[in-house]
Every structure is written in structure tokens, then in C-alpha cells.
Colleague: 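Next up is a structure, given as C-alpha cells.
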Amino acid sequence: MSNIGLIIEEKAADIGNFLVGRLLPFREKRAVGPFVFIDHMGPSELKDYQNLDVPPHPHIGLSTLTYLLEGSIFHRDSIGSALEIKPGAVNWMTAGKGVVHSERTPEYLRHSDKRLHGFQIWVGLPKHLEQSEPTFHHIEADEIPVWEEDGIQYKLIAGEAFGKTSPVPVHSKLFFIEIKTKEAKKISIGKDLYGEAAMYVLDGTVTTEGNSYGSKQLMIAKDTKLCEFDMSENGTVYLFGGEPFDEERFIFWNFVNSDKEIIDQAKVNWNDQNHDAFPLVPGDEQEYVPLPKAILNRK
């Protein structure tokens, strides 16, 4: 019996002024462990007149993880954070009861040709932290655990696995792992994983149980402990998952919570531009992403 429970094809979605490939949520699988939303950005070639510009927008009840493979994004938020994220580093912002942030091309790149490629991920919060104060952490690339075994390169971007722990301050038991190969290799890591698990093929081909899967495909395992597959040469895959929450997480626009009433209040607060609930972003106060009208009255 196949261990692949579901195969999700990457589907296009808009962010800023270019397309990303949306992996989660999917109608048949709303979350994998605590991961509730995953966008694969690019790779995009941006001309000297094209820039990423995502104006201030709100979040509640989640942590956002930004991980770039190429390019640069300047992050600002209502906590007062203002910094550039570069490839290999991790931005980890926990919204809690409410945060606002913007994501833009840094000023020094706005008139140059550039590339942008990476992941933007939402991780649900444990119920007792859904109304916590917002926080922000930036972890540099050289702080992330990287090691090699039998010609296979592993990187533990977030969480815990393989007896190692990433410095990203996550709030539940999870893993986000990069695996790279130069030569074709067999990977058998089920004993090191837990909870639910999914694998995204970025480069190369993955073969498991006689079936091959190429790039832009997300595979969700029926049994994490049976995670074994063959990677082609010059392959790159990402594994993510962990222990799921007991309670369902609801997603409406940029809001995640186990309580729909809290989400409904967040809709009203953002629509009314209640700056007590959602403070302005220092250095980026002139515009914001309006609440879609279809979202305001959606239950």
C-alpha cells in the first residue's frame, strides 16, 4: 500500500505584483502538523522597474516564517522591526493577538534587475498563545544547523529532528528540513520524523514505491515513520510537518485562530483601522491592504 496519501500540484496565486505557487491550504488537506499555509515564491525575474511591494497587512493567531533561496525582502512590522532578509536567513514573526507588517524590495535594489525565490509559511499557534503579545526574531543563515551524511546535505531550518534543534524559536513540536543531493541517493529518515509530514520537490525527481514525482509537487505521507524515497542527482526537497493541534484552525484572509469570534473581531478591527488592535508600521504608514469586502461578512 502506498505511503503517499495525497499529491498536491502547486497552484498559482497573487502576492504583491507577481505570482507565487500556493501549496497549502488545499481543499482535501487544510494543514500538515501545525503548518497551515505555504507559498513557494518564484523563482521570479524582476526588471529594474518591477519590485515586490506588499503594503502593511495584519495577522493574528500564527507565526510567519520567511525563508529565501534568492533575492532580498525588506521587512517592517508594527512591533518596530525593520530589516532585510537575505537567502538562508529566517524571519520568524509571531502575530499572537495582532501584528501588522509590510514586505518590499529594499531601496538599493528597486532600480536594478533582480531575482526573488523562496518560501512564505504560516504556522498555527497553540491555543494558549493565540492571544499572546506579538514578537519578531531574525536568525542569520550561519546560525541554522547544516550537516552532511553520505553525500547528502541536510539543513534544519526550523524545529527539531535528527537529534538537532534549530534556533528559530518555534512554539510547538515541528520540523522544516532542506535535503540536497549531488548524486542519486536513497533517503530513509522516517525514524527521525514525527506527527504529520509532507515533502515538496523543488529540483530533481523523487521516486518512492515505484512512482516518480517531479518539481512543483507536494506529497503528504500517510505514515511519517515510513518516510523513505530515492532522490535524483542535483535534487532538492523540503520536508515539513510535526504534531497537529487538537483543535481545528480556521483561516479567513490573513487571520488564523481556533475561535471564529476572535477572527470576526479582527476583521472588524482591520476594516475600521483600529490602531489599538492593529498598530501602524513605523516607516510604512502611508498605505495598507484593505480588508476584502467579501471577507468582512463571510462566516
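Since we're looking at a predicted model, the values are computed, not measured.
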Colleague: Should Pro126 and Phe245 count as side-chain neighbours, where that means a heavy-atom distance under 4.5 Å?
Modeller: yes
Colleague: Can you list everything that forms a salt bridge (Lys or Arg N to Asp or Glu O under 4.0 Å) with Glu130? Sequence neighbours excluded, please.
Modeller: Arg249
Colleague: If two hydrophobic side chains count as joined below 4.5 Å and joins carry through other members, does Val289 share a cluster with Phe278?
Modeller: yes
Colleague: Any chance the rings of Trp270 and Phe255 have centres within less than 6.0 Å?
Modeller: no
Colleague: Taking Val32 as the starting point, is it possible to reach Ile157 by hopping between hydrophobic residues whose side chains are less than 4.5 Å apart?
Modeller: yes
Colleague: For Pro106 and Ser72, work out which heavy atoms get closest and say how close.
Modeller: CG-OG, 3.2 Å
Colleague: Linking I/L/V/M/F/W/Y whenever any side-chain heavy atoms sit under 4.5 Å apart, do Ile179 and Val201 land together?
Modeller: yes
Colleague: Does the side chain of Asp48 pick up a donor-acceptor pair with the side chain of His111 at under 3.5 Å?
Modeller: no
Colleague: Are the side chain of Lys191 and the backbone of Ile189 linked by a donor-acceptor contact shorter than 3.5 Å?
Modeller: no
Colleague: Taking the inter-plane angle between the rings of Phe119 and Tyr200 on a 0 to 90° scale, is it parallel (under 30°), tilted (30 to 60°) or perpendicular (over 60°)?
Modeller: perpendicular
Colleague: State whether the side chain of Asn51 and the backbone N or O of Arg110 hold a donor-acceptor pair below 3.5 Å, judged by distance alone.
Modeller: yes
Colleague: Regarding Asn234 and Lys180, do their side chains bring together a donor and an acceptor under 3.5 Å, going by distance alone?
Modeller: no
Colleague: How long is the gap from OG on Ser166 to CZ on Phe175, to the nearest 0.5 Å?
Modeller: 13.5 Å
Colleague: Taking Gln50 for the side chain and Lys47 for the main chain, is one N or O donor matched with an acceptor at less than 3.5 Å?
Modeller: yes
Colleague: Measuring from atom CG of Asn254 to atom CG of Leu291, what distance do you get when rounded to the nearest 0.5 angstrom?
Modeller: 9.0 Å
Colleague: Parallel, tilted or perpendicular, judged at 30° and 60°: which one describes the rings of Phe37 and Trp122?
Modeller: parallel
Colleague: Verify the ring-centre separation between His117 and His40: is it less than 6.0 angstrom?
Modeller: yes
Colleague: If I compare all heavy atoms of Leu202 with all of Leu69, which pair ends up nearest, and what's the gap?
Modeller: CD2-CD1, 3.7 Å
Colleague: Between atom CD of Glu84 and atom CG of Leu68, what is the distance when rounded to the nearest 0.5 Å?
Modeller: 9.5 Å
Colleague: Any donor-acceptor pair under 3.5 Å linking the side chain of Asn257 with the backbone of Asp259?
Modeller: yes
Colleague: Between Tyr238 and Lys155, is there a side-chain donor-acceptor contact under 3.5 Å, judged purely by atom types and distance?
Modeller: no
Colleague: Between Glu228 and Ser188, is there a side-chain donor-acceptor contact under 3.5 Å, judged purely by atom types and distance?
Modeller: yes
Colleague: Going only through I, L, V, M, F, W and Y residues with side-chain contacts under 4.5 Å, is there a path from Met93 to Leu62?
Modeller: no
Colleague: Does a side chain donor of either Thr205 or Ser212 reach within less than 3.5 Å of an acceptor in the other side chain?
Modeller: no
Colleague: Using modelled atom types and a 3.5 Å cut-off, is there a donor and acceptor pairing between side-chain atoms of Asn274 and backbone atoms of Asp276?
Modeller: yes
Colleague: Return the set of residues passing salt bridge (Lys or Arg N to Asp or Glu O under 4.0 Å) with Asp284 (not counting sequence neighbours), or none when no residue passes.
Modeller: Arg104
Colleague: Supply the atom-to-atom distance Ile73 CD1 to Lys86 NZ, rounded to the nearest 0.5 angstrom.
Modeller: 13.5 Å
Colleague: Under the side chain to side chain contact (heavy atoms under 4.5 Å, CB included) rule, what do Glu103 and Arg76 come out as? Steps first, then yes or no, please.
Modeller: CA-CA 7 Å; Glu103 300 155 295; Arg76 285 186 174 89; over 6 Å; no
Colleague: Can any side-chain N or O of Ser102 pair as donor or acceptor with the backbone N or O of Pro55 at less than 3.5 Å?
Modeller: no
Colleague: Is there a path of hydrophobic side-chain contacts, each under 4.5 Å between heavy atoms of I, L, V, M, F, W or Y residues, that connects Trp147 with Leu239?
Modeller: yes
Colleague: Going through the checks in order, is the side chain to side chain contact (heavy atoms under 4.5 Å, CB included) test met by Leu280 and Tyr288?
Modeller: CA-CA 9 Å; Leu280 292 170; Tyr288 66 93; over 6 Å; no
Colleague: With rounding to the nearest 0.5 Å, note down the distance linking CD in Glu178 to CD1 in Ile144.
Modeller: 10.5 Å
Colleague: Kindly compute the distance separating NZ (Lys127) from OG (Ser258), expressed to the nearest 0.5 Å.
Modeller: 3.0 Å
Colleague: Checking side chain to side chain contact (heavy atoms under 4.5 Å, CB included) for the pair Ile121/Phe35: CA distance, chi angles, key distance, verdict?
Modeller: CA-CA 7 Å; Ile121 294 169; Phe35 291 79; 3.5 Å; yes
Colleague: Name the orientation class of the two ring planes belonging to His101 and His57 (parallel below 30°, tilted from 30 to 60°, perpendicular beyond 60°).
Modeller: tilted
Colleague: Return yes if a side-chain donor-acceptor contact under 3.5 Å exists between Thr94 and His171, otherwise no.
Modeller: yes
Colleague: Please walk me through it: do Ile251 and Val36 pass side chain to side chain contact (heavy atoms under 4.5 Å, CB included)?
Modeller: CA-CA 8 Å; Ile251 303 177; Val36 297; 3.9 Å; yes
Colleague: Who passes ring pair (Phe, Tyr, Trp, His ring centres under 6.0 Å) against Phe74, sequence neighbours left out?
Modeller: none
Colleague: Any donor-acceptor pair under 3.5 Å linking the side chain of Thr181 with the backbone of Ser232?
Modeller: yes
